[in-house]
Novice: 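Quick one: the structure is below, questions incoming.
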Amino acid sequence: MKNSKIFVTQPSLPDLKELIPYLEKIWQSKIISNNGPFHEQLEIELSKYLNVPYISLVSNGTIGLIVALNALKVKGEVITTPYTFVATAHSLMWNKIKPIFVDIDPSTLNLDPKKIEAAITKDTTAIMPVHVYGNPCDVDTIETIAKRNGLKVIYDASHAFDVKCHCGSILKHGDLSVLSFHATKVFNTFEGGAIISHDKDMKTRIDQLKNFGFAGETSVQQFGINGKMNEFSSALGLLQLKKVNKDIEKRKKIDEAYRNYLKDIPGIRCHAYHNMEKGNYSYFAIFVDENYPLNRDQLYQKLKDNEIYGRRYFYPLVTDFQIYKDSGFFLDNDFPIAKRISSQVICLPIFSEMSIQNTKFISSIIANT
Ligand code: T4K
């Protein structure tokens, strides 16, 4: 039985004692930012761990998306999904790029590849899909479409740390992939993120862009930004990396328990994984339909009344925010699938330190209507 509030997530943290020696090193060296030794070490260790060629650490996932678009010189229009966190679309707006929203696939909840080509115009330069809840996008079809139409692909992989699909790391796909290391993610550095690239020149370009465009002490070659990860976050990342696999294993057990407890409740459907060789279990989404005695918001409130704080990721849809409606980029009735899913979803609490008893307790609240 639970005895305190349960939030949608709780950050995993290393033992504080383990952090002290790292802090002592920082205090001795006085190097706290600008590509310090922990930053360098974390890039090397992460690229080995994730089995990807090049990683550029950044201060958060949103800056990562903004820099990635800039690094690829993306302009004009970019095709993306309305079923995501606002940061995906905001990164386009910050680059003065027009987002062209395309509906999602009802089973994967990712950008529906079948609908991409109809949205391409002479101004389209890229596709920005999201691996929602860590569920891999249909990377092969997206790659074929991108090649056929000469488009870049930037994956918002904020939810997809260490996810593997049929051909290995999901992060190997696209021109660039962007991770978030926010407090609420499977792998956190308090705040942070990374851009995965596939060649040295692109990594150099990204590294310059995140450091004001500096190419050397007296040379600024691009209109860069400050997107650097600091030494504290980098040191923390090194410690987190030692235990992230165990954390994912623990999350997997929570995921399995939920599926077991919730499987026979009419009107409740658990999100299914597709083409996933290794998941990270970053979210546990359920969908409430008309066969359940309460509507989604009533169940959401009922859980809250029991101090269970799930979240409706992603409600409202990006395209339902007035600032996006006012943009005139799309018609109101353009995204029937995303709208339906957004009106049904609740992400239930899942984190590595969550107990199976609490999973059972939450499921029993959902079962007893
Ligand atoms: N693309 C996608 C697809 C994303 O999902 C995100 C971020 C991004 C891009 C951008 O990445 P970053 O720039 O953030 O690196 C959260 C997060 O702030 C956001 O990072 C995340 N997606 C989004 C899905 O969720 P909120 O407003 O729901 O978070 P908040 O503060 O309500 O936290 C949820 C719960 O987590 C709290 O009720 C308690 C717990 N929590 C949270 C924090 C921050 C803690 O226990 N400790 C903490 O420090 O947005």
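Just follow the structure's listing: the first ligand is 1, and inside any ligand the first atom is 1.
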Novice: Within the 4.0 Å heavy-atom shell around Thr88, which atoms of ligand 1 are there?
Specialist: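 Listed by number with element: 1 (N).
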
Novice: Short list, please: which atoms of ligand 1 are under 4.0 Å from a heavy atom of Tyr283?
Specialist: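 Reading through ligand 1 atom by atom, the close ones are 24 (C).
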
Novice: Should the proximity of Thr184 to ligand 1, defined as any heavy atom under 4.0 Å, be assigned to the side chain, the backbone, both, or neither?
Specialist: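 Side chain only.
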
Novice: State the atoms of ligand 1, each with its element, that fall below the 4.0 Å cut-off from a heavy-atom position in Arg311.
Specialist: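 Selected atoms, number and element: 26 (P), 27 (O), 28 (O), 30 (P), 32 (O), 34 (C).
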
Novice: Any heavy atom of Gly193 sitting closer than 4.0 Å to ligand 1?
Specialist: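 The answer is no, since Gly193 has no heavy atom less than 4.0 Å from ligand 1.
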
Novice: Does a donor on one side chain sit under 3.5 Å from an acceptor on the other, for Asn35 and Lys228?
Specialist: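 Result is no, nothing qualifies.
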
Novice: Have a look at Lys185, His131, His182 and point out the one with the heavy atom closest to atom 14 (O) of ligand 1.
Specialist: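 When every heavy atom of Lys185, His131, His182 is considered, His182 comes closest to atom 14 (O) of ligand 1.
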
Novice: Do Thr189 and Gln240 have side-chain N/O donor and acceptor atoms under 3.5 Å apart?
Specialist: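 The criterion, which ignores hydrogens and geometry beyond distance, is not satisfied for Gln240 and Thr189.
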
Novice: Just heavy atoms, cut-off under 4.0 Å: does Phe351 contact ligand 1 by side chain, backbone, both, or neither?
Specialist: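 It is neither part, as no heavy atom is under 4.0 Å.
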
Novice: Atoms of ligand 1 less than 4.0 Å from Ala87 heavy atoms?
Specialist: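 So the answer, numbered in order with elements, is 8 (C), 9 (C), 10 (C).
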
Novice: Just checking, is any N or O donor in the side chain of Ser180 or His182 under 3.5 Å from an acceptor N or O on the other one?
Specialist: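 No pair is found: no donor N or O on one side chain lies under 3.5 Å from an acceptor on the other.
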
Novice: One pair to check against salt bridge (charged side-chain N to carboxylate O under 4.0 Å, His left out): Asp255 and Arg259. What are the steps and the verdict?
Specialist: CA-CA 6 Å; Asp255 180 289; Arg259 284 179 200 280; 2.8 Å; yes

Novice: If the plane angle is over 60° it's perpendicular, under 30° parallel, otherwise tilted; pick one for Phe284 and Tyr258.
Specialist: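 Aromatic pair Phe284/Tyr258 classed parallel.
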
Novice: Considering only the protein, which heavy-atom contact is closest to atom 38 (O) of ligand 1, and what is its distance?
Specialist: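 Going atom by atom, the protein heavy atom closest to atom 38 (O) of ligand 1 ends up being Phe7 CD2, 3.5 Å.
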
Novice: By number and element, which atoms of ligand 1 are closer than 4.0 Å to a non-hydrogen atom of Asn60?
Specialist: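 Those atoms are 13 (O), 15 (O).
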
Novice: Against the six-membered ring of Phe335, is Arg340 placed for a cation-pi contact (under 6.0 Å from the centre, within 45° of the normal)?
Specialist: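 No.
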
Novice: How far is atom 1 (N) of ligand 1 from its nearest protein heavy atom, and which residue and atom name does that atom have?
Specialist: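 Protein heavy atom at minimum distance: Asp156 OD2, 2.7 Å.
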
Novice: Measuring centre to centre across the rings, with the benzene-like ring taken for any Trp, is Tyr324 within less than 6.0 Å of Phe329?
Specialist: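 Tyr324 vs Phe329: aromatic centres not under 6.0 Å.
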
Novice: In the protein, which heavy atom is nearest to atom 40 (C) of ligand 1, and how far is it?
Specialist: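 The closest one turns out to be Thr9 O, 3.3 Å.
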
Novice: What protein heavy atom sits nearest atom 43 (C) of ligand 1, and how far off is it?
Specialist: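 Heavy-atom neighbour on the protein nearest atom 43 (C) of ligand 1: Ala183 CB, 4.1 Å.
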
Novice: Residue-level breakdown please: for Val132 versus ligand 1, do any non-hydrogen atoms fall below 4.0 Å on the side chain, on the backbone, on both, or on neither?
Specialist: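 No part of Val132 is near ligand 1 at this cut-off.
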
Novice: Does the protein place a non-hydrogen atom closer than 4.0 angstrom to atom 49 (O) of ligand 1?
Specialist: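 It does; a protein heavy atom is within 4.0 Å.
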
Novice: Determine the interplanar angle of the Phe187 and Phe161 rings, folded into 0 to 90°, and report it as parallel if under 30°, tilted if 30 to 60°, perpendicular if over 60°.
Specialist: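 Judged by the thresholds at 30° and 60°, the geometry between Phe187 and Phe161 is parallel.
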
Novice: Counting the benzene-type ring for Trp, do His159 and Tyr283 have ring centres under 6.0 Å apart?
Specialist: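 When the ring centroids of His159 and Tyr283 are compared, they turn out to be within the sub-6.0 Å range.
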
Novice: What heavy-atom pair brings His274 and Pro136 nearest, and what distance separates the two atoms?
Specialist: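 Smallest heavy-atom distance, with atoms named: O-CD, 3.4 Å.
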
Novice: Only heavy atoms of Ser180, strictly under 4.0 Å: list the atoms of ligand 1 that pass.
Specialist: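 In order of number, 11 (O), 12 (P), 15 (O).
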
Novice: Would a line drawn from the ring center of His198 to the ring center of Tyr54 be shorter than 6.0 Å?
Specialist: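 No, too far apart.
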
Novice: Within the 4.0 Å heavy-atom shell around Thr84, which atoms of ligand 1 are there?
Specialist: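 Selected atoms, number and element: 3 (C).
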
Novice: Rounded at 0.5 Å granularity, tell me how far CD1 in Ile362 sits from CD1 in Ile254.
Specialist: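 One gets 8.5 Å once the value is rounded to the nearest 0.5 Å.
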
Novice: Tell me, please: is Glu191 in heavy-atom contact with ligand 1, that is, under 4.0 Å?
Specialist: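 Distance cut 4.0 Å: Glu191 fails for ligand 1.
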
Novice: Out of the candidates Lys250, Arg251, Lys243, only one should pair with Glu353 under the salt bridge (Lys or Arg N to Asp or Glu O under 4.0 Å) rule; please name it.
Specialist: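 Result for salt bridge (Lys or Arg N to Asp or Glu O under 4.0 Å) with Glu353: Lys250.
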
Novice: Just to confirm my output: which protein heavy-atom neighbour is closest to atom 9 (C) of ligand 1, and how far is it?
Specialist: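 For this ligand atom, the closest protein heavy atom is Ser158 OG, 3.2 Å.
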
Novice: Counting only heavy atoms, which portion of Thr62 has something under 4.0 Å from ligand 1: side chain, backbone, both, or neither?
Specialist: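 It is both parts that get close, each with some atom under 4.0 Å.
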
Novice: For Lys115 and Asp105, run salt bridge (charged side-chain N to carboxylate O under 4.0 Å, His left out): C-alpha distance rounded to whole Å, both residues' side-chain angles, the deciding distance at 0.1 Å, then the answer.
Specialist: CA-CA 9 Å; Lys115 296 183 181 139; Asp105 177 283; over 6 Å; no

Novice: For ligand 1 and His159, I'd like to know whether there is a polar contact (N/O to N/O, distance under 3.5 Å).
Specialist: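 It does: an N or O of His159 is found under 3.5 Å from an N or O of ligand 1.
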
Novice: Yes or no: does Tyr313 have any heavy atom under 4.0 Å from an atom of ligand 1?
Specialist: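 Flag set, Tyr313 near ligand 1.
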
Novice: For atom 46 (O) of ligand 1, what is the closest protein heavy atom, and at what distance to 0.1 Å?
Specialist: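 It is Pro11 CD, 3.2 Å.
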
Novice: Tell me if the centroids of the rings in Phe232 and Phe190 come within less than 6.0 Å of each other.
Specialist: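 Centroid distance Phe232-Phe190: below 6.0 Å, so yes.
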
Novice: Any atoms of ligand 1 less than 4.0 Å from a non-hydrogen atom of Val8? List them with their elements.
Specialist: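 Taking each heavy atom of Val8 in turn, ligand 1 has 34 (C), 35 (C) under 4.0 Å.
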
Novice: Below 3.5 Å, N or O to N or O, backbone or side chain included: is there any such pair between Phe85 and ligand 1?
Specialist: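 No - when backbone and side-chain N and O of Phe85 are compared with those of ligand 1, no distance drops under 3.5 Å.
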
